[in-house]
Amino acid sequence: MDAHRRMRNGCLRSLASDTKETTYVVSYNTRQKGIVMKKEELFKYVDHTALKADTSWEDIRKLCDEALVFRMAAVCIPSSYVKRAHESFPSLNICTVIGFPLGNASTEAKLAEAQQALVDGANEIDMMINLGWVRDKEFKKVTEEIRAVKELIGKNHILKVILETCYLDYDEKYALCRCATKAHADYIKTSTGFGTAGAVLEDVKMMRRTADPGVQIKASGGIRTKQEMEDYINAGSKRIGTSRAIEILAKEDDEQTHA
């Protein structure tokens, strides 16, 4: 390990150890009311994400280092880096994306992407639905495509279905939650982060009401504050997709220190 990486890892571990001393009170629903959540527990909800077009291997390596140090739920990375990330960080939970970010690739192409991702070492797949089929009211096709991907990856791998809620009306969001439920998806995800807007709290609440209890929710896109993270968790999100979790929670520490 070179000196730069040793120094970076040392700094990360130092910052990670600080999380054990800081607690945040989250306003939970009735079932969870009164639970005090440490900052390190907030990290456990995070899919640490790097999906920009110019994401480099050094970006991915840093992301993976951070995810391990802070014990995040997963990293979400481009499929071209899955194999190298898995070989370099074999204990890490790796998520990648298929049909991303537009969703209008063929079902066969999405299946091929998913199959290769599993071979390369991915544990989780985030798939973008076909919004053209939504406009055409072809919800049966949407359901069948989700089911095909889930059957391919199997019960031991997690499938998250991205709705891209910024382009949908209420009825479309409702219908897609039912499609994902019928197709046995593991999660419904709000956004790619590449649309006209990201996660919206009311959408997450509606998704939680509409999907079956066994289908979890991931809020993703545009989450910039600790309060927003807490609000989405309170609304029912089991995952938070963001590239900024460390920055968000470090900023909270800094504000408390200077208060």
Side-chain angles (χ1 to χ4, degrees), residues 5 8 12 43 45-70 72-131 145-146 148-150 152-154 156-167 185-199 218-223 239-247:
R5 193 174 179 189
R8 183 180 72 241
L12 286 173
F43 280 124
Y45 285 85
V46 173
D47 281 1
H48 202 26
T49 302
L51 292 170
K52 291 181 179 179
D54 61 349
T55 298
S56 67
W57 169 245
E58 183 55 32
D59 295 330
I60 297 297
R61 189 176 71 164
K62 179 174 181 288
L63 189 89
C64 294
D65 278 337
E66 292 169 345
L68 286 174
V69 170
F70 291 98
M72 298 186 194
V75 293
C76 189
I77 62 176
S79 60
S80 58
Y81 289 117
V82 168
K83 185 175 182 180
R84 190 172 179 183
H86 178 63
E87 291 171 347
S88 301
F89 303 90
S91 65
L92 188 60
N93 192 33
I94 297 174
C95 173
T96 193
V97 290
I98 65 171
F100 189 88
L102 299 179
N104 53 9
S106 68
T107 299
E108 291 76 15
K110 291 179 184 179
L111 290 170
E113 283 189 277
Q115 180 63 55
Q116 188 60 52
L118 297 186
V119 170
D120 290 343
N123 309 101
E124 305 186 1
I125 302 292
D126 287 15
M127 68 170 287
M128 179 60 207
I129 62 159
N130 189 319
L131 289 171
E145 182 174 80
I146 297 168
V149 175
K150 182 56 187 174
L152 173 71
I153 70 173
N156 293 329
H157 297 87
I158 288 176
L159 176 64
K160 308 189 203 88
V161 175
I162 310 169
L163 305 190
E164 201 70 296
T165 52
C166 60
Y167 297 123
D186 300 287
Y187 278 77
I188 303 171
K189 176 178 172 181
T190 59
S191 316
T192 63
F194 289 81
T196 57
K218 175 178 174 179
S220 184
I223 298 170
R239 294 283 184 93
I240 302 291
T242 178
S243 61
R244 303 179 63 185
I246 295 172
E247 175 188 344

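Residue indices begin at 1 and follow the sequence shown.
- The residues Glu66 and Lys62 are annotated as salt-bridged, a charged nitrogen and a carboxylate oxygen being separated by less than 4.0 angstrom.
- The pair Arg84-Glu87 fails the salt-bridge criterion, with no side-chain N (NZ, NE, NH1 or NH2) lying under 4.0 Å from an Asp/Glu carboxylate O.
- Asp59 and Asp54 make their closest contact through OD2-O, 4.1 Å (heavy atoms, listed as atom of the first residue, atom of the second, distance).
- Using a cutoff of 4.0 Å between basic side-chain nitrogens and carboxylate oxygens, Asp126 and Lys160 are scored as salt-bridged.
- Shortest non-hydrogen contact noted between Ala148 and Leu111 is O-CD2, 3.6 Å.
- Residues Ala122 and Val82 approach most closely at N-CG1, 3.6 Å, considering heavy atoms.
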query = Hey, mind stepping through Met127 and Ile146 against side-chain contact (heavy atoms from CB on, under 4.5 Å) and telling me if it holds?
reply = CA-CA 8 Å; Met127 68 170 287; Ile146 297 168; 4.3 Å; yes
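- Taking both residues in full, the closest heavy atoms of Ala185 and Val161 are given as CB-CG2, 3.6 Å, listed atom of the first, atom of the second, then distance.
- Shown here for Ile60 and Pro78, the closest heavy-atom pair between the two residues is CD1-CD, 4.0 Å.
- Nearest heavy atoms, Leu68 versus Ser91: CD2-OG, 3.8 Å.
- In this structure a side-chain-to-backbone donor-acceptor pair under 3.5 Å is missing from Asp47 to Ile240.
- Qualifying salt bridge (charged side-chain N to carboxylate O under 4.0 Å, His left out) partners for Glu145, counting only residues two or more places apart in sequence or in other chains: Lys110.
- At a cut-off of 3.5 Å, with distance as the only test, no side-chain donor of His157 or Glu124 sits close to an acceptor on the other residue.
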query = Stepwise, does the side-chain contact (heavy atoms from CB on, under 4.5 Å) test hold for Ser88 with Trp57?
reply = CA-CA 11 Å; Ser88 301; Trp57 169 245; 3.7 Å; yes
